[in-house]
Amino acid sequence: MDRILIRGGNRLTGKLPISGAKNSALTLMPCALLTEEPVTLRNLPRLADVDSFGHLLNQLGVSTEIEGARPSDFGRVMTMRAGRLTSTEAPYDIVRKMRASILVLGPLVARAGEATVSLPGGCSIGNRPIDLHLKALEAMGARIELAAGYVKAIAPGGRLPGGRVAFPIVSVGATENALMAAVLAKGGTVIENAAREPEIVDLCNLLLAMGASISGVGTERLEIEGVERLHGATYRVMPDRIEAGSYACAAAITGGSVELVGAKPDDMRATIAALIDAGVTLSTAPFPGFPTDMQAQFMAMLCKADGASVLTETIFENRYMHVPELARMGADIQVRGRTAVVRGVDHLVGAPVMATDLRASMSLIIAGLVAQGQTEVSRVYHLDRGYERLEEKLSAVGADIERVGDG
Ligand code: EPZ
């Protein structure tokens, strides 16, 4: 298995291109299921999760065509055509590798009147149930059956009536599924306490470009008027605010100066504010609060801050797997329940460490950039799920980093 070796101490300087957003791409791709016409996505990041989603769509009968891109290019253009669906089932084998597969549930019910999706199962950062996804579809008139590890959703008469969805807590994925189900419903749907993440706005903008009727975009109350059919569209995936925030932490910890080419500051206000205040008391929260997907990277940066910081993880119940690994590098972090106290230390020391999930693995890379000696990060497949050509981007701004292994 691949490992990444980092020799710390270099100050990062220069330009670093930001790729299209993983968490937007994974909700834009299933929109292809909503029309027979072609949907083209530009600035699609080259990531393992995007490839897996392409395979899932293929097995539902969607063709996916990648326009010729030079190997040196970041991102690519993909045209998807769901002229005729050959299946409405997302099998366990694919779903267990990528929980975002659940995002075919809403569009399949909307387009085909039924969907069968394997339950995603547990995840290293938390239980992550899908009850809110199912309740939203029920509120729109679907019948839900659970059997043998699969959920089956059926629209009476082949088309959802629509309804009122009121989420008790904010869920990005459940909002996305509800939106994609509502756009082809017979009647109207109101979604209350909807997630307001920039990725949700990106999804709404693609659906609007396909002919959907949505109001309240970017707010916690979305109103959708179902339409008979949607048409094709070409859309550019938004820049990845979490990738940009991760590299901002990398630059900051080395005392460097890096231009994040293509990043959109408006989508990163909480992260930027926290960077300015480093040496902070922070709680993760749904957008526009501080993103949980930045918590681990920030913690790594704070390991070298002058003074103590307090982080509270409010979204996922098990998102401190990186703490013992950072401690192996000499970090001083005390965790009690959902709160971590990080005391800055004079120096970190390189060590063999293990990636446990996507963002945790990035925190180890960030720590390795300033650690004395060499850090060896194993299980880097976690990184490949969400960071496009990380070593190339970091070495281009001065990091001493390489990937080794049997490729
Ligand atoms: C999305 O996950 C992102 N993934 C996550 O990014 C991100 O951490 C998360 O939103 C929060 O911002 C993608 O977009 C593919 P949620 P999602 O539904 O949709 C609970 C990364 O690192 N909940 O907003 O799964 C849930 O357990 C990944 O890129 C229910 O209880 O997150 C959690 O505590 C990791 N029932 C909270 O809500 C449900 O039905 C928020 O989860 C759904 C969620």
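One-based numbering, in listed order, for ligands and for the atoms of each. We're numbering straight along the sequence, starting at 1.
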Seminar exercise, completed: Closest to atom 43 (C) of ligand 1 (heavy atoms only, candidates Pro129, Ala100, Ser24) is Pro129
Exercise. Does the distance from a Lys or Arg side-chain N to an Asp or Glu carboxylate O, for Arg99 and Asp49, drop under 4.0 Å?
Worked result: no
Exercise. Could you state the interatomic distance from CG (Asp332) to CG (Leu302), rounded to the nearest 0.5 Å?
Worked result: 12.5 Å
Exercise. With sequence neighbours left out, which residue pairs that include part of residues 194-204 fulfil the side chain to side chain donor-acceptor pair (under 3.5 Å) condition?
Worked result: Ser24-Asp202, Glu199-Arg241, Asp202-Tyr235
Exercise. Any cation-pi pair here, Lys393 with Phe74, using under 6.0 Å and within 45°?
Worked result: yes
Seminar exercise, completed: Closest to atom 11 (C) of ligand 1 (heavy atoms only, candidates Thr292, Asn177, Leu358) is Thr292
Problem set entry | Pairing of Arg403 and Asp384 as salt bridge, 4.0 angstrom limit | yes
Problem set entry | Per atom 44 (C) of ligand 1, closest listed option by heavy atom (Ser171, Ala195, Ala360, Gly289) | Ser171
For this session: With side chain to side chain contact (heavy atoms under 4.5 Å, CB included) as the test, would you mind laying out the steps for Met294 and Ser246 before giving the verdict?
Result: CA-CA 7 Å; Met294 279 302 304; Ser246 305; 4.2 Å; yes
Exercise. For atom 26 (C) of ligand 1, what's the nearest protein heavy atom and its distance?
Worked result: Phe316 CE2, 4.2 Å
Seminar exercise, completed: Nearest heavy atom to atom 29 (O) of ligand 1, choosing from Arg359, Met98, Glu199, Arg385, belongs to Arg359
For this session: Report the distance from atom CG of Leu56 to atom CD1 of Ile94, rounding to the nearest 0.5 Å.
Result: 5.0 Å
Exercise. Mind checking whether Ile125 has an N or O less than 3.5 Å away from an N or O of ligand 1?
Worked result: no
Problem set entry | Protein contact of atom 2 (O) of ligand 1 - nearest heavy atom, named by residue and atom, plus distance | Arg128 NH2, 3.2 Å
Problem set entry | Rounded distance [0.5 Å steps], CZ in Arg81 versus CD in Glu37 | 10.5 Å
For this session: Assess Lys22 for proximity to ligand 1: is some non-hydrogen atom of it under 4.0 Å away?
Result: yes
Exercise. Which residue owns the protein heavy atom closest to atom 3 (C) of ligand 1, what's the atom, and how far is it?
Worked result: Asn23 ND2, 3.7 Å
Problem set entry | Which of the ligand 1 atoms, numbered from 1, are nearer than 4.0 Å to a heavy atom of His133 | 40 (O)
Exercise. Taking the non-hydrogen atoms of Arg319, is any one of them nearer than 4.0 angstrom to ligand 1?
Worked result: yes
For this session: Using a 4.0 Å heavy-atom threshold (strictly under), name the region of Glu243 that reaches ligand 1: side chain, backbone, both or neither.
Result: neither
For this session: Nearest 0.5 Å please: distance from the NE2 atom of His322 over to the CE atom of Met362.
Result: 13.5 Å
Exercise. Relative to ligand 1, is Asp293 under 4.0 angstrom through side chain, backbone, both or neither, heavy atoms considered?
Worked result: side chain
For this session: State the CG-OG1 distance between Asn193 and Thr175, to the nearest 0.5 angstrom.
Result: 8.0 Å
Problem set entry | Contact partition for Val172 relative to ligand 1, non-hydrogen atoms under 4.0 Å | both
For this session: Please confirm whether Gly386 comes under 4.0 Å of ligand 1, counting heavy atoms of the residue only.
Result: no
Problem set entry | Which residue and heavy atom of the protein sit nearest atom 40 (O) of ligand 1, plus the separation | Leu132 N, 2.8 Å
Exercise. Is Ile169 close to ligand 1, meaning an N/O of one under 3.5 Å from an N/O of the other?
Worked result: no
Problem set entry | Short N-O contact, Arg76 and Glu388, less than 4.0 angstrom | no
Exercise. Is there a heavy atom in Asp131 that sits closer than 4.0 Å to ligand 1?
Worked result: yes
Problem set entry | ligand 1 to Ile315 polar contact by distance, N or O atoms, under 3.5 Å | yes
Donor-acceptor pairs are to be reported for all side-chain atoms of residues 116-138 against protein atoms at under 3.5 Å, with residues two or more places apart or in another chain.
{"unit_1": "His133", "atom_1": "ND1", "unit_2": "Asn177", "atom_2": "ND2", "d": "3.0"}
{"unit_1": "His133", "atom_1": "NE2", "unit_2": "Ala174", "atom_2": "N", "d": "3.4"}

Problem set entry | Taking atom 19 (O) of ligand 1 as the reference point, the nearest protein heavy atom with its distance | Gly173 N, 2.8 Å
For this session: Write down the atom of Leu364, the atom of Met354, and the distance for their closest heavy-atom approach.
Result: CD1-O, 3.4 Å
Exercise. Backbone, side chain, both or neither: what part of Ala174 comes under 4.0 angstrom of ligand 1, heavy atoms only?
Worked result: neither
